[in-house]
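Treat the numbers as computed from the prediction; the structure is a model and nothing was measured.
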Amino acid sequence: MEYVPELKKFYTSNAHDNTIGVVDLKQMKVIKKLKTESKPDGSTYAAPFTNCTFPTSAGKRKPSSM
């Protein structure tokens, strides 16, 4: 799970359906599911790139970007 206070959102890695879930903290619900290649097991947030997440997949050595 990745918490991003500036955006008031957090991101979940959902290996069971190959997505990253975007949760809006004001609404307290999933507002979007981002498709990934396969079984994401984490994500990274970089402050200057406020609209990017980089999931990592269990079967890959390098992250794929969205």
Side-chain angles (χ1 to χ4, degrees):
M1 190 175 340
E2 185 77 29
Y3 173 59
V4 184
E6 302 89 39
L7 301 177
K8 295 182 176 57
K9 295 178 182 165
F10 67 88
Y11 298 83
T12 61
S13 299
N14 307 314
H16 65 280
D17 67 355
N18 299 331
T19 64
I20 299 288
V22 182
V23 179
D24 183 295
L25 293 176
K26 288 181 184 178
Q27 299 178 53
M28 291 303 291
K29 68 177 189 176
V30 176
I31 59 170
K32 186 183 291 186
K33 284 194 172 187
L34 306 170
K35 294 279 185 196
T36 64
E37 290 181 21
S38 66
K39 298 185 180 181
D41 61 1
S43 62
T44 301
Y45 173 75
F49 306 102
T50 58
N51 293 320
C52 296
T53 59
F54 298 94
T56 57
S57 297
K60 297 186 177 250
R61 293 196 181 261
K62 63 180 185 176
S64 58
S65 63
M66 289 188 198

Please enumerate all residues that pass side chain to side chain donor-acceptor pair (under 3.5 Å) together with K32, with sequence neighbours excluded. none

Path from V22 to Y3 over hydrophobic side-chain contacts below 4.5 Å: no

Non-hydrogen atoms of P40 and A15 that approach each other most closely: O-CB, 3.8 Å

In chain order, what residues pass the side chain to side chain donor-acceptor pair (under 3.5 Å) check against N14, with sequence neighbours excluded? T12, T19

State the NZ-CG distance between K35 and N18, to the nearest 0.5 angstrom. 7.5 Å

Checking K33 now: which residues fulfil salt bridge (Lys or Arg N to Asp or Glu O under 4.0 Å) with it, not counting sequence neighbours? D17

Linking I/L/V/M/F/W/Y whenever any side-chain heavy atoms sit under 4.5 Å apart, do L7 and I20 land together? yes

Flag the pair I31 / K9 as yes when at least one side-chain heavy-atom distance between them is below 4.5 Å, and no otherwise. yes

Give a yes or no on whether M1 and Y11 share a hydrophobic cluster (residues Ile, Leu, Val, Met, Phe, Trp, Tyr; joining criterion: side-chain heavy atoms under 4.5 Å apart). no

